[in-house]
*Asks:* 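The structure under discussion is supplied below as structure tokens; questions concerning it will follow.
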Amino acid sequence: MARPGNDPRYPLTSANISATLLRAHPRFHSADTRSRGSRRSPYPLRVTDTPVPPPSPEDDLPEQMRVRREKRERLLAAGTDPYPVEVSRTHTLAEIRAAHSDLEADTATGEIVGVTGRVMFVRNSGKLCFATLREGDGTELQAMLSLNKVGEEALSAWKTDVDLGDHVFIHGEVITSKRGELSVLADEWRMTAKSLRPLPVAHKELAEETRIRQRYVDLIVRQRARDIVRTRAGVVRALRDSFHGRGFIEVETPMLQTLHGGAAARPFTTRSNAFDMDLYLRIAPELYLKRCVVGGLEKVFEINRNFRNEGSDSTHSPEFAMLEYYEAYATYDTNAAMTRELVQEAADAVFGSQVVTLTDGTEYDLSGEWTTLPMYESLSDALGEEVTPDTGVELLRKHAHANGLEPDPKLGHGKLVEELWEHLVGDHLTAPTFVRDFPVETSPLTRQHRSRPGVAEKWDLYVRGFELATGYSELVDPVVERQRLTEQARLGAAGDDEAMQLDEDFLRALEYGMPPSGGVGMGVDRLLMALTGLGIRETILFPLVRPE
RNA sequence: GGGCCGUUAGCUCAAUUGGUAGAGCUGCGGACUUUUAAUCCGUAGGUUCUGGGUUCGAGCCCCAGGCGGCCCA
């Protein structure tokens, strides 16, 4: 936006020349006090017949932002770049802390260093200034600036130019203060990145909405926010290490798909201009990973994003990270054991223990073998009456009503059993538990149990009451698979928008022969939730939110 | 989709029955060479989410909407 003073259309006048000069010279600060302290624009309007420039949006900025912008301009006017390309940092703050962990108070080491950090606290006095610098991981170190080391000009510039939140460079000697605080005593300092916005109060929690909408600010002020990011990275890395240690190959399969499949979920749609066709964001990588197994990638995994066009709450996000892995010659028995190991190895890698401390301070034990509950038997126990794959829909509906549920009248046997089970059993599970042998009807891509009619070789893993993962002995008979998918497509045509589409290419792949295989899907965000006790929006760095 | 609650200074929050919108931190000016959320003195900062309505007068009451949270389906 054009403004007088830096736009040729609005040449400098004596009035704004003097204002500019005053701002550029710290010596004149006291003389300039009144004009800088007033609410008036620092750019006086000229009394001429030339058009008045349109009001700059900056004139409407809150006072504190305006002040910081003025400081930036003052630095520029004085020939100092508030955003230099390069600074001569010699050590991180953490390196200095590590190298001088047990110095006595009031010690001078003689070591000269250059350090950088964001100014988090400032304690300025007349001739000696203290500042707490912080670097990315939260490590803090004190900077000290004294009159006799940096000189009057640099000290005065420090006091007038530096605000909380600014990045600065400090060159000087590593010392400890009289109180014993490890510090760098400056002989030189400079601005490395001027912050134009004031930091929130460092000692009060940000409102949850602000934490999510402005995660960058959350990360600046809250150690826990920084820790969560690192915990998540550690968990993902541990997962990859576990897979690599077992000979798995990581692949990346399409997120833009012409058909959506692999799960019962509503997809997002998008559009390809070049292909002139609608595309779907994937709801699951399953059908592509199975193509991989057909092709001979016998141990294959993918960690990446799925998108489901559904609402969000404390356990759901429309965009979430998913782990899926498939292994030839594995079954739902062997992949349950491996899934348990993956979780336990992640806990060990990140926390050094399989007993994790949740965010509310309670401990959660992931160690050892985990409970296994067959679905029909555990539901029968909870009802006090036997329920089997042959139990009729009417009787199931009666049980549902007797237990305070009002299931959709359209629900069939399978979904009724699952709803009843979730209500009577699932909601009360706390310890890690595998629930096995689901109704065939609700598991279209799973093979029938090898010996028990009416159930599928499928398990769900419940941890702290929510579903963390699901595993199968995969259905690999291409003829049966075609029947199941055709039925799904029929449901879709009938208006069930969670049903899958018929993927002829996937069926063609299966017709080449897929070895007997086990497959597992696990929510990565949910794994974080399980290990930390956080809500899903705390485990995702930038969750989807409505625009402000 | 329904119900309830919230939305006030840069941030975190107050504001009696409807009667001049306040505090702390932050900012600005001043003092201070060993501070640790420094301290002391002074001072500035507001479209009370938006739009309508009632009233002599609305942050507060009414209507509609936005955003967020919680509970329910």
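Within every chain, numbering begins at 1; the chains are lettered A, B, ... in the order of the sequence lines, protein sequences first and strands thereafter.
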*Asks:* Is the shortest heavy-atom distance from the side chain of A:Arg222 to the side chain of A:Arg215 under 4.5 Å?
*Replies:* yes
*Asks:* Does a side chain donor of either A:Asp166 or A:Ser195 reach within less than 3.5 Å of an acceptor in the other side chain?
*Replies:*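 The answer is no; no qualifying pair exists.
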*Asks:* Which part of the nucleic acid, if any, lies within contact of A:Asp106, taking any heavy atom under 4.0 Å across all strands shown: a base, the sugar-phosphate backbone alone, or nothing?
*Replies:*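 Since no nucleic acid heavy atom lies under 4.0 Å of A:Asp106, the category is nothing.
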*Asks:* B:G27, B:G69, B:U33: which one has an atom nearest the side-chain heavy atoms of A:Arg537?
*Replies:*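 Per side-chain heavy atoms of A:Arg537, the pick is B:G69.
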*Asks:* Which nucleotide, in any strand shown, forms a Watson-Crick or G-U wobble pair with B:A64, with both distances under 3.5 Å?
*Replies:*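 WC or wobble partner is B:U50.
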*Asks:* Does A:His423 reach the main-chain N or O of A:Asn403 with its side chain, forming a donor-acceptor pair under 3.5 Å?
*Replies:* yes
*Asks:* Side chains of A:Thr132 and A:Arg123: is there a donor and an acceptor less than 3.5 Å apart?
*Replies:*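 Indeed, the side chains of A:Thr132 and A:Arg123 share at least one donor-acceptor pair under 3.5 Å.
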*Asks:* Please name the nucleotide paired to B:C4 by Watson-Crick or G-U wobble geometry with both distances under 3.5 Å, or report none.
*Replies:*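 B:C4 is paired with B:G69.
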*Asks:* When you compare B:C60 with B:A15, how far apart are their P atoms, in angstrom units rounded to a whole number?
*Replies:*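 Nearest-Å result for B:C60 against B:A15 at atom P: 14 Å.
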*Asks:* Tell me whether A:Glu310 at atom CD has more than 12 heavy atoms from other residues, nucleotides or ligands lying less than 6.0 Å away.
*Replies:*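 Above 12, so yes.
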*Asks:* Could you state the atom-to-atom distance from CZ of A:Arg123 to P of B:A38 in whole Å?
*Replies:*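 A:Arg123 atom CZ is separated from B:A38 atom P by 5 Å.
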*Asks:* Using both distances under 3.5 Å as the test, list the Watson-Crick or G-U wobble partner of B:A15, or none.
*Replies:* none
*Asks:* For B:U26, take OP1 and OP2 only and decide whether either is under 4.0 Å from a side-chain N or O of A:Arg68.
*Replies:* no
*Asks:* Whole angstroms only, please: what is the CG-P distance between A:Asn124 and B:C40?
*Replies:* 16 Å
*Asks:* Please figure out whether A:Glu208 or A:Ala131 has its closest RNA chain B nucleotide nearer the 5' end.
*Replies:* A:Ala131
*Asks:* Look at A:Glu205 together with A:Arg211 and state whether they make a salt bridge at an N to O cut-off of under 4.0 Å.
*Replies:* yes
*Asks:* Which residue lies toward the 5' end of RNA chain B, A:Val162 or A:Phe130, if each is placed at its nearest nucleotide?
*Replies:*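 It is A:Val162, whose closest nucleotide lies nearer the 5' terminus.
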*Asks:* Rounded to the nearest angstrom, tell me the gap between atom CD in A:Glu181 and atom C1' in B:A37.
*Replies:*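 Those two atoms, CD and C1', are 14 Å apart.
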*Asks:* Using atom CD of A:Gln142 as one end and atom C1' of B:A37 as the other, report the distance to the nearest whole Å.
*Replies:* 14 Å
*Asks:* For B:G53 and B:G45, measure between their P atoms and round to the nearest Å.
*Replies:* 30 Å
*Asks:* If I pick the C1' atom on B:A38 and the same atom on B:C25, what distance separates them, to the nearest angstrom?
*Replies:* 14 Å
*Asks:* Taking only the P atom of each, what is the distance from B:G1 to B:G59 in whole angstrom?
*Replies:*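 That atom pair is separated by 32 Å.
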*Asks:* Can you tell me, in whole Å, how much space there is between the C1' of B:A58 and that of B:G19?
*Replies:*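 Approximately 10 Å lies between the C1' atom of B:A58 and that of B:G19.
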*Asks:* Can you tell me the distance, in whole Å, between the CZ atom of A:Arg222 and the P atom of B:U12?
*Replies:* 13 Å
*Asks:* Do A:Asp137 and A:Glu135 have side chains that approach each other closer than 4.5 Å (heavy atoms only, starting at C-beta)?
*Replies:* yes
*Asks:* What's the closest nucleotide to the A:Asp163 side chain, out of B:U34, B:G68, B:G27?
*Replies:* B:G27
*Asks:* Side chains of A:Leu76 and A:Pro82: does their closest heavy-atom pair fall under 4.5 Å?
*Replies:*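 Yes; the side chains approach each other to less than 4.5 Å.
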*Asks:* How close do A:Tyr376 and A:His413 get, heavy atom to heavy atom, and via which atoms?
*Replies:* OH-NE2, 2.8 Å
*Asks:* To the nearest Å, give me how far apart CE (A:Met120) and C1' (B:C25) are.
*Replies:*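 Computing the A:Met120:CE to B:C25:C1' distance gives 13 Å.
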*Asks:* Output a table of nitrogen or oxygen pairs between the protein and nucleotides 8-11 of chain B separated by less than 3.5 Å.
*Replies:*
unit_1 : atom_1 : unit_2  : atom_2 : d
B:G10  : N7     : A:Gln64 : NE2    : 3.2

*Asks:* Just the rounded figure in Å: distance from P of B:A38 to CG of A:Leu164.
*Replies:* 8 Å
*Asks:* Rounding to a whole Å, what distance do you find between A:Arg546:CZ and B:G65:C1'?
*Replies:* 13 Å
*Asks:* How far does the C1' atom of B:C49 sit from the matching atom of B:G2, given to the nearest Å?
*Replies:*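 Here B:C49 and B:G2 have their C1' atoms 23 Å from each other.
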*Asks:* Tell which nucleotide pairs with B:U20, taking only Watson-Crick or G-U wobble pairs whose two distances are both under 3.5 angstrom.
*Replies:* none
*Asks:* Please measure how far the C1' atom in B:G22 lies from the corresponding atom in B:U48, and state the result in whole Å.
*Replies:* 12 Å
*Asks:* Identify whether any heavy atom of A:Val122 sits under 4.0 Å from a base atom; if not, whether one sits that close to sugar-phosphate; answer base, sugar-phosphate or nothing.
*Replies:*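 It contacts sugar-phosphate atoms only.
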*Asks:* Between B:C28, B:A37, B:U33, spot the one nearest the side chain of A:Val67, thanks.
*Replies:*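 So the nucleotide nearest the side chain must be B:C28.
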*Asks:* Side chain of A:Phe121, heavy atoms from C-beta onward: which of B:A37, B:U36, B:U33 has the nearest atom to it?
*Replies:*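 That would be B:A37.
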*Asks:* Write down the partner of B:U55 under the Watson-Crick or G-U wobble criteria, each distance required to be under 3.5 Å.
*Replies:* none
*Asks:* Does A:Arg546, at its CZ atom, have more than 12 non-hydrogen atoms belonging to other residues, nucleotides or ligands within less than 6.0 Å?
*Replies:*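 No - once you tally the heavy atoms of other residues, nucleotides and ligands closer than 6.0 Å, there are 12 at most.
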*Asks:* Using both distances under 3.5 Å as the test, list the Watson-Crick or G-U wobble partner of B:C40, or none.
*Replies:* B:G30
*Asks:* In whole Å, measure the gap between the C1' atoms of B:U7 and B:U47 for me.
*Replies:* 15 Å
